[in-house]
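These notes concern the structure reproduced below.
Each residue takes its place number in the sequence, starting with 1. Since the model is a prediction, treat every value here as computed from it, not as a measurement.
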Amino acid sequence: MASIYHLATLMLFCFIQLSFSELVQEQPLVLKYHNGPLLKGKLTVNLIWYGKFTPIQRSIIVDFIYSLSSDKATLPSTSSWWKTTEKYKGGSSTLAVGKQILLENYPLGKILKNPHLPALASKFNGVNTINIILTAKDVAVEGFCMRCGTHGSTRVGRGPIRGTYIWVGNSETQCPGQCAWPFHQPIYGPQTPPLVAPNGDVGVDGMIINLATLLGNTVTNPFNNGYFQGPANAPLEAVSACTGIFGSGSYPGYPGDILVEKSTGASYNAHGINGRKYLLPAMWDPDINVQDACVTGHVAEINGEGR
């Protein structure tokens, strides 16, 4: 099971006056392929809504998932960001929303432990599926503030086939400084003003960042033997390897140069369907053969260029 690396840890490092790179040569960011299967082809995304979400909140997330495989949005688009996953072995990963279930009565309570996540994911079975558990703002999940979300796999039936799942929580009232940055003041690091959320919902727009991260990580490292750097139980993956980068010139505490909607002041870097706008994290591009090749929705960050 892989989790999003804690953003606060990265923020803390920016306070060290003497850069570590001044002491030793910085190691290049290269995600090694470990010869395992990836999630490619047509994939079904099932949604488990745990707790109470408004119809508008659900539509923001559903539109995002559809936007990943749609060619109808204006450039820079959500789908152009997602196309980076095609550069990993095996071709494209096309996502479509499948079944949805609303669990508004909190059947497992409002405090979930780690074993509850695969149990909830098992409500849907099947191959070539990603089951996504989305928890409402009043649901506490074990380790919430240390990871913001996670992905893993569960066995389908009694055979060797495994299905994948993702959990992402609404952090509006839980650790927004870690899990909804840059739409909320960070816990650590430079206290720059938060950005305006493109869909007007700090919690859900923060969920989009974490969901995008975990979807990219899931299709490129679904079973802990795909693309990653470091130990398999705590890997840097396709998107988590580029934490905190949303545009050119980014550095810890500053998301980078991104687009701003003139009428609302909202920040974004990708268009979606139905007029949606999203702020998406950078993703490691395996075709860029230099250090730190992290690509965002509308600009490539190549080895720190533009900083």
Is Asn170 reaching over with its side chain to a backbone N or O of Ala136, donor-acceptor style, under 3.5 angstrom? no
More than 12 heavy atoms of other residues, nucleotides or ligands under 6.0 Å from CG of Leu108: is that the case?
-> yes
In short, ring pair (Phe, Tyr, Trp, His ring centres under 6.0 Å) pairs touching residues 208-235 with sequence neighbours left out are Tyr33-Tyr227, His34-Phe228, Tyr88-Tyr227
Keeping Gln191 on the side-chain end and Pro186 on the backbone end, is there a donor-acceptor pair under 3.5 Å? yes
Donor-acceptor under 3.5 Å (Asn269 side chain, Leu280 main chain) | yes
Taking atom CD1 as the centre, does Ile111 end up with more than 12 heavy-atom neighbours from other residues, nucleotides or ligands that are less than 6.0 angstrom away? no
If you group Ile, Leu, Val, Met, Phe, Trp and Tyr by side-chain heavy-atom gaps below 4.5 Å, do Leu103 and Tyr106 land in one group? yes
Take Ile288 and Val295 through the side chain to side chain contact (heavy atoms under 4.5 Å, CB included) test and state the conclusion after the steps. CA-CA 10 Å; Ile288 299 179; Val295 178; 3.9 Å; yes
Can a donor-acceptor pair be found between the side chains of Ser77 and Ser80 at a distance below 3.5 Å?
yes
Heavy-atom count check: over 12 atoms from other residues, nucleotides or ligands less than 6.0 Å from Lys52 NZ? no
With a 3.5 Å distance limit and no angle check, can you tell me whether Asn131 reaches the backbone of Ile166 through a side-chain donor-acceptor pair?
no
Across all chains, not counting sequence neighbours, the side-chain contact (heavy atoms from CB on, under 4.5 Å) partners of Pro176 are Ala180, His184
Contact check, side chains of Ile245 and Thr296, non-hydrogen atoms, under 4.5 Å
yes
With sequence neighbours left out, the residues meeting side-chain contact (heavy atoms from CB on, under 4.5 Å) with Thr192 are Pro190
Practice problem: Verify whether one side chain among Thr135 and Trp167 offers a donor that lies under 3.5 Å from an acceptor in the other. | Solution: yes
- Query: Quick check: does any side chain N or O of Thr213 sit under 3.5 Å from a backbone N or O of Ile209, one acting as donor and the other as acceptor?
  - Reply: yes
Is there a side chain to side chain contact (heavy atoms under 4.5 Å, CB included) between Leu39 and Thr218? Walk through the geometry before answering.
CA-CA 8 Å; Leu39 295 186; Thr218 296; 3.9 Å; yes
State yes or no: do Val260 and Phe183 share one hydrophobic cluster built from I, L, V, M, F, W and Y residues joined by side-chain heavy-atom distances below 4.5 Å, directly or via other members?
no
Sorted by chain and number, sequence neighbours left out, side-chain contact (heavy atoms from CB on, under 4.5 Å) with Val97 holds for Leu47, Val62, Ile65, Tyr66, Gln100
Rounded to the nearest 0.5 angstrom, the OG1-CD1 distance for Thr164 and Ile132 is 8.5 Å
Residues 70-130 vs disulfide (SG to SG under 2.5 Å), sequence neighbours excluded, gives none
Residue pairs meeting disulfide (SG to SG under 2.5 Å), one or both in residues 164-196, sequence neighbours left out, come to Cys145-Cys175, Cys148-Cys179
Those residues at least two apart in sequence (or on a different chain) that pass side chain to side chain donor-acceptor pair (under 3.5 Å) with Asn128 are none
Report task. Could you tell me whether a side-chain N or O of Ser70 sits under 3.5 Å from a main-chain N or O of Ser67, the two making a donor and an acceptor? Result -> no
For the side chain of Gln174 and the backbone of Ser171, is there at least one donor-acceptor N/O pair under 3.5 Å apart?
no
Sidechain-backbone polar pair: Lys110 side chain, Val139 backbone, donor-acceptor under 3.5 Å
no
Contacts satisfying disulfide (SG to SG under 2.5 Å) that involve residues 201-261 (not counting sequence neighbours) are Cys242-Cys294
| said: Are Leu29 and Val239 linked, directly or through intermediate hydrophobic residues, by side-chain heavy-atom contacts shorter than 4.5 Å (ILVMFWY only)? | reply: yes
Checklist entry - In this structure, are over 12 heavy atoms from other groups packed under 6.0 Å from Lys83 atom NZ? => result no
- Under 3.5 Å, is there a donor-acceptor pair between the side chain of Glu172 and the main chain of Lys137? no
Ring pair (Phe, Tyr, Trp, His ring centres under 6.0 Å) filter on Phe53, not counting sequence neighbours, yields Trp49
Using atom types as modelled, flag every donor-acceptor pair under 3.5 Å from a side chain in residues 115-125 to any protein atom, sequence neighbours excluded.
residue: His116; atom: ND1; partner: Lys113; partner atom: N; Å: 2.9
residue: Ser122; atom: OG; partner: Ala119; partner atom: O; Å: 2.6

Donor-acceptor pair, side chain of Tyr50 and main chain of Ile133, under 3.5 angstrom
no
Notebook entry, point to check: Side chains of Asn199 and Val204: closer than 4.5 Å at any heavy-atom pair?
Noted result: no
Those residues at least two apart in sequence (or on a different chain) that pass salt bridge (Lys or Arg N to Asp or Glu O under 4.0 Å) with Glu104 are none
CG of Leu279 to CG of Leu259, rounded to nearest 0.5 Å, is 9.5 Å
Residue pairs meeting salt bridge (charged side-chain N to carboxylate O under 4.0 Å, His left out), one or both in residues 53-81, sequence neighbours left out, come to Asp63-Arg276
